Amino acid sequence: MIHTTTIPRPVLGALCCLIVAVPFLVTTFPPITDLPQQSAQIRLFVETIQDPAASPYKIQWFTPYSLSYAILGACWALFGPKNAGRMAMLAIALLWVLAMHLTAYRRSRSPAAAVLGSLFVFNHIVYWGFYSFAVGWPVFLLWFSITTEQPEREVSAREAFKWVGAAILLYMSHVLWLVAGVAWLAVSSVVFRVPIRYLLYRFLYVAPLVVAVLIWYPMLTGSAMATPPLWGTTPLDRLHIFWLADAALGGLQGRVELIVLGAVCAWILLALWTNRANLGEMIDWELLLAAGVFFAFALLLPDKFMNTIRFGQRWVPAAMIMLVLGLPTPSVRPVVRQVAALALLTVFCAVTTSTWLLFERKELSGLEAALSALPASPRVLGLDTVRKSELIKGYPFLHFDYAIVNGTERIHKATEAEPLLTPVTHSGRWRLYRVSPSKQ
């Protein structure tokens with residue numbers, strides 16, 4: 001008799017990493033909007049370090065979003081400027097996968113759920129190139145693991161070091177993740193009735209970082225980042241399946257992401273139905289509460305705040321991952337669950353890979369040759385007159401919407417004659433021009 005065995009967790013984790021890595025490895029320029037700008041930060045950092053007096057920039061060492069630049073800097077050193085952004089985002093994507101599988105292992109959740117959660121690596125956070133926010137998700141899972149451990153009977157230096165270290169990593173990844181971490185700590189402590197003594201110590205561990213944010217935030221409110229909150233959609237609008245699909249994934253044009261989200265929803269419904277007899281015992285309530293917190297963020301927070309776009313939407317991938325991990329998996333043979341989840345992940349990554357390759361071949365044609373023709377360490381102004389892609393959502397070509405031109409009256413007359421440039425100012429040697437969309 002042939003016995004069907006399950007795929008070991010380490011093998012499943014390795015397969016997920018390999019599948020998720022393929023789109024990044026087979027393309028030179030993945031459709032990540034902020035990839036050039038983020039990579040350029042490393043060059044500016046190096047130039048500033050080498051000659052601080054001559055540089056117009058000042059390095060802000062203690063801003064609460066610096067962790068991703070350590071990864072970008074390492075990739076710059078290992079793979080060179082052209083590949084630094086791509087490889088850094090690949091490293092962050094692999095951290096997502098490994099963190100999900102490790103969370104599932106530590107909490108005795110099905111490895112198939114971690115495979116399914118890997119679908120949400122390819123989300124709008126990655127496509128926009130929100131490196132700092134993206135790197136914060138694995139850090140939050142570390143924070144989640146620490147905050148859900150049974151408290152030690154006596155406060156120890158080991159526990160304090162662990163808590164403070166995790167809080168510092170949250171701060172270094174992104175201020176929003178520190179806020180989310182503190183919010184999770186407060187909500188979970190109340191819901192699960194953490195003794196007041198332990199609760200006080202826990203908040204003392206994160207207090208210095210909260211103070212640092214309170215010192216930093218007023219400086220931000222006085223800058224160009226200070227914009228009022230904007231709600232473009234209501235909480236009711238955000239319950240629509242199209243909004244949820246775009247917020248949970250949000251990278252590819254067409255219906256493929258809607259189909260993927262539908263498959264995940266079918267998985268969840270099948271799991272609830274087949275485990276209905278003892279559902280309460282099979283739910284991880286801490287994971288489910290975390291999913292609820294993130295869904296609440298997604299439904300209630302504005303679409304834009306402090307010049308930060310997709311402010312509410314960015315929490316949906318985390319919510320979906322926590323939901324999938326927290327609920328039981330369908331009550332079928334384990335190997336069937338594993339193969340089904342792997343098949344869905346493989347198909348979605350195959351579609352993603354083919355789309356990225358088509359995007360590179362069709363919509364980035366000539367880019368590599370243009371970059372190769374540049375001299376060393378140039379200053380380049382990129383003008384995007386196409387704006388939208390037929391394959392990728394958002395603005396994957398985003399560079400500059402305006403150009404400032406210094407020239408004589410003859411130069412400005414010639415510039416005004418360009419059909420893609422519209423003058424905004426009309427006098428002086430320096431004038432501002434708006435880049436108009438292509439009419440092709």
Side-chain angles (χ1 to χ4, degrees), residues 99-100 102-110 113-114 117 120 136-155 159-160 162-167 169-171 173-207 209-210 213 235 238-239 244 247-248 268-269 271-272 275-301 311-329:
M100 281 185 275
L102 184 59
T103 300
Y105 168 72
R106 286 177 59 85
R107 303 189 68 86
S108 300
R109 309 308 292 168
S110 169
F120 299 101
W137 171 237
V139 176
F140 181 86
L141 286 179
L142 171 64
W143 176 255
F144 176 84
S145 176
I146 291 172
T147 57
T148 53
E149 291 176 353
Q150 284 293 110
E152 297 181 5
R153 291 186 177 181
E154 298 294 333
V155 177
E159 185 178 27
K162 183 169 60 177
W163 275 74
V164 173
L169 284 176
L170 280 176
Y171 177 90
S173 59
H174 200 289
V175 65
L176 292 179
W177 280 116
L178 179 64
V179 172
V182 173
W184 160 251
L185 181 58
V187 171
S188 62
S189 297
V190 171
V191 171
F192 298 113
R193 300 181 180 179
V194 174
I196 191 67
R197 174 172 173 265
Y198 296 116
L199 183 59
L200 289 175
Y201 276 114
R202 289 176 172 186
F203 276 100
L204 280 176
Y205 294 143
V206 300
L209 282 307
V210 174
V213 170
R238 298 179 189 188
L239 295 176
L244 287 171
I268 291 172
L269 291 174
L272 293 175
N275 294 287
R276 62 190 183 279
N278 53 348
L279 185 61
E281 301 172 6
M282 303 186 70
I283 288 175
D284 186 317
W285 292 102
E286 288 171 321
L287 284 168
L288 205 62
L289 178 63
V293 170
F294 287 129
F295 273 122
F297 287 171
L299 291 176
L300 300 176
L301 292 176
F311 196 80
Q313 294 97 315
R314 64 180 60 203
W315 305 100
V316 177
M320 289 301 302
I321 291 168
M322 288 300 208
L323 181 63
V324 167
L325 289 176
L327 292 175
T329 50

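Remember, it's a predicted structure, so these values are computed and weren't measured experimentally.
Ring geometry for Phe140 against Phe294 counts as perpendicular: the plane angle is over 60°, on a 0 to 90° scale with 30° as the lower cut.
Formation of a donor-acceptor pair under 3.5 Å by the Asp284 side chain with backbone atoms of Leu287 is found in this model. Proximity of a side-chain donor or acceptor of Trp315 to a complementary backbone N or O of Phe297 within less than 3.5 Å is not detected.
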Task: Evaluation steps, side chain to side chain contact (heavy atoms under 4.5 Å, CB included), between Phe120 and Val316 - done: CA-CA 9 Å; Phe120 299 101; Val316 177; over 6 Å; no
TODO: Please lay out, stage by stage, how Trp163 and Tyr201 fare under the test side chain to side chain contact (heavy atoms under 4.5 Å, CB included).
DONE: CA-CA 10 Å; Trp163 275 74; Tyr201 276 114; over 6 Å; no
- [ ] Test Leu169 against Trp143 for side chain to side chain contact (heavy atoms under 4.5 Å, CB included), laying out the working first.
- [x] CA-CA 9 Å; Leu169 284 176; Trp143 176 255; over 6 Å; no
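Closest heavy-atom contact between Trp177 and Leu170: O-CD2, 3.7 Å. Across all non-hydrogen atoms, the minimal contact from Ala271 to Thr329 is CB-C, 3.6 Å. A pairwise comparison of heavy atoms in Leu244 and Leu239 identifies CD1-O, 3.7 Å as the closest pair. Between Arg109 and Gly326, the shortest heavy-atom distance links the atoms NH2-O, 2.8 Å. The heavy-atom pair separating Gly312 from Arg238 by the smallest distance is CA-NH1, 4.4 Å. Here the closest non-hydrogen pair linking Val194 and Leu199 is CG1-N, 4.1 Å.
Residue Arg193 places its CZ atom among 12 or fewer non-hydrogen atoms of other residues, nucleotides or ligands, all under 6.0 Å distant. Taking a 6.0 Å sphere around CZ of Phe192, one finds it holds more than 12 heavy atoms contributed by other residues, nucleotides or ligands. Within 6.0 Å of atom CD in Glu281, 12 or fewer heavy atoms from other residues, nucleotides or ligands are found, so the atom counts as exposed in its surroundings.
Atoms OG1 and CD1, on Thr103 and Ile321 in that order, are 9.5 Å from each other to the nearest 0.5 Å. Of the inter-residue distances, the one linking Glu286 atom CD with Phe144 atom CZ reads 5.5 Å to the nearest 0.5 angstrom. How far OG of Ser189 is from CH2 of Trp184: 8.5 Å, rounded to the nearest 0.5 Å. Interatomic distance, Met282 CE to Ser110 OG, rounded to the nearest 0.5 Å: 9.5 Å. In this structure, CD in Glu149 is found 5.5 Å from CZ in Arg106, a value given to the nearest 0.5 Å.
With contacts defined as side-chain heavy-atom distances shorter than 4.5 Å, the pair Val191/Trp285 does not qualify.
None of Leu325, Leu102, Thr148 except one satisfies the side-chain contact (heavy atoms from CB on, under 4.5 Å) rule with Arg107; the exception is Thr148. Exactly one residue among Leu289, Val293, Leu141, Leu327 makes a side-chain contact (heavy atoms from CB on, under 4.5 Å) with Met322. That residue is Leu141.
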